[in-house]
Amino acid sequence: MAILEVRDLKASYSSSGPEILKGISFEVENDDFFAIIGPSGAGKSTLIRCINRLLEPSSGSIKLNGVDVLKLNNKELRHLRRHIGMIFQEFNLINRMSVMDNVLSGRLGYVGTLRSVLRIFSDKDIQNALMLLERVGLQDHVDKRADELSGGQRQRVGIARALMQEPTLLLLDEPTSALDPKISREVMELIKDIATELKVPVLCNIHDVQLAKETCNKIIGLQDGYKMFDGPTETLAQANLEEIYSMEVL
Amino acid sequence: MSQLHQMSGKSDATKREWSRFKYPQSLYKYGITLGVVLFIIYSLHYLNVDLSRLFGIFGRLGDLLANRYYPPDIEYIKDADYIGSIIETIQMAYLGALFGILISIFLGWFAAYNVSPSRRYLYPVARVVTMLFRSVHEMIWAILFVTILGFGMLPGVLALTMFSVGFAGKLFAEEIEAIHMGEVEAIRAMGGNHLQVFVYGVVPQVRVALTGIAIYTWDVAFRAATVVGFVGAGGMGWYLKRNVMQIETHRTAAILLSILILVIISEFISAWARNYVSKAK
Ligand SMILES: Nc1ncnc2c1ncn2[C@@H]1O[C@H](COP(=O)(O)OP(=O)(O)OP(=O)(O)O)[C@@H](O)[C@H]1O
Ligand SMILES: [Mg+2]
């Protein structure tokens, strides 16, 4: 059964501006690890940001677990976003806060406003945060400030923070582009393992086609706002890549 | 032949054209420069500034100070009433700056386009309010509040609050508009509401800058506090006014001296505080 259903999605950054997504449709199943590949400027980030409405699509429909995402009002949207974990290329951690506070901030949508402002989190949340930090291998850095960590460590904080949300869907916007090849593989592997453990479907923008083939079971190829390919990783042929990138691919 | 020349396959004979300011822009740029220079010359001419008289001022000022204002009447400023007015001045400045800064934090938040809780309503309102507060001089606020509330500290505190809001509100908003939006986006993406976005996404990034601005606000509020008493809004300004009116020059000198010393002390403390904050990162 499809957990996420996107139909004929169109988006642009301003009403007068060019259309960036020109009618994208696809479905994500419960145990999918989807890679979205495509050249720079194809609209990969735009697509990801439309799913949780960080960018308001201009038309089309998005259904997550049967809920029509584009019809939600502000409050309902915030409630929906609690269940969508997002991991960013630039990590987007709160640099001046500790690793622990960053991970706990993943609970913001669940705890009351006053409690979150005073940073009062339940014992269960604290236990979960410590457990997740252990899982991503940061048990020795709990009280460090986020900006004292290396890139790979920061992204692990990002992962733990997203998992604190108890997500039903993970959106990843080039989670490893700021990391070196070796760390990139480790981080992707970690995400893959955790996603499999928790049975969370993943939608992941990625530049590195090789890495995408290694980790993902399905691939969407975007080019200039159009979907050029959609299918299981094994079926992605050289010809498809050439079409997506409109050039020779190594 | 240099290395660079080998790079291009083309012959070196083709000369490439480039200038920093291209045609229409260059015209505007030089036109504006010329306009500014002409305006300065015109203003000087219009004011008919007589340079010898201008420098003569210093000589006469020296005479005046030496003959009429010296020595300052130190006994006068040791008087308990006067000391009381100094304390009142400090209290007013403190309260005015504090209220002003607290209001400015919210006003700055609302008036920052990138994170304003409501771009349609709060943003324009907050913008107009900051502009309004900025455009009114602190003495006019003081006169206004004295007219409404009568003499005393309360109109002084309110005038200084308005003044501090005008000073800090815009600076806060500008500081908030310059933040890195990644953090804000992350908090929004996990379902945070406006207040949570502000507390988690904005405040950590601007805390140091806002503290610096707050200290500046105290600085200017204190200086303003020494004179709002001129119109009866409490503090030492009242003593200054009375003695100026009664041509008590030695007492006036003592009061000016005490203001000078207090402002210097306050500047020192805030310089130290700013330094401390900027090191805290
Ligand atoms: N904030 C924005 N405002 C206006 N246009 C934007 C904005 N962000 C992206 N665009 C435009 O949208 C198009 C698609 O951008 P997008 O970031 O989705 O590409 P991408 O596939 O993620 O590329 P990359 O691989 O470089 O991250 C580009 O042409 C870009 O110029
Ligand atoms: Mg991108």
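Residue numbering restarts at 1 for every chain, and letters A, B, ... go by the order of the sequence lines. For clarity, every value in this text was computed on a predicted model and none was experimentally measured.
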About how many Å separate [atom2] of [Y] and [atom1] of [X], when rounded to the nearest 0.5 Å?
X        : Y        : atom1 : atom2 : result
A/Asn102 : B/Tyr200 : CG    : OH    : 10.0 Å
B/Asn193 : A/Ser116 : CG    : OG    : 6.5 Å
A/Leu108 : B/Arg188 : CG    : CZ    : 13.5 Å
A/Arg115 : B/Gln196 : CZ    : CD    : 12.5 Å
A/Arg81  : B/Ile187 : CZ    : CD1   : 12.0 Å

Heavy atoms of other groups near [X] [atom1], more than 12 under 6.0 Å:
X        : atom1 : answer
B/Tyr121 : OH    : no
A/Asn74  : CG    : no
A/Lys192 : NZ    : yes
B/Tyr94  : OH    : no
B/Tyr216 : OH    : no

ask   = How close do A/Arg96 and B/Gln205 get, heavy atom to heavy atom, and via which atoms?
value =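 In this case the closest contact between A/Arg96 and B/Gln205 is NE-CA, 4.2 Å.
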key: Closest approach of A/Met86 to B/Ala189 (non-hydrogen atoms, all atoms of both residues)   =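 A/Met86 and B/Ala189 have their closest heavy atoms at SD-CB, 3.8 Å.
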Against chain B, label [X] side chain, backbone, both or neither, depending on which of its atoms sit under 4.5 Å from a heavy atom there.
X        : result
A/Arg53  : neither
A/Glu90  : neither
A/Leu93  : backbone
A/Arg119 : both

Are any non-hydrogen side-chain atoms of [X] and [Y] less than 4.5 angstrom apart?
X        : Y        : value
B/Glu185 : A/Leu54  : yes
A/Asn92  : B/His180 : yes
A/Tyr110 : B/Met190 : no

query = Using a cut-off of under 4.5 Å for heavy-atom pairs, which of A/Asn52, A/Thr113, A/Ile84 has the most such pairs with chain B?
reply =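 Heavy-atom pairs under 4.5 Å are most numerous for A/Thr113.
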message = I'd like to know which of A/Ala162, A/Ser105, A/Gly85 tops the heavy-atom pair count under 4.5 Å against chain B.
response =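 Result: the option with the highest number of such pairs is A/Ser105.
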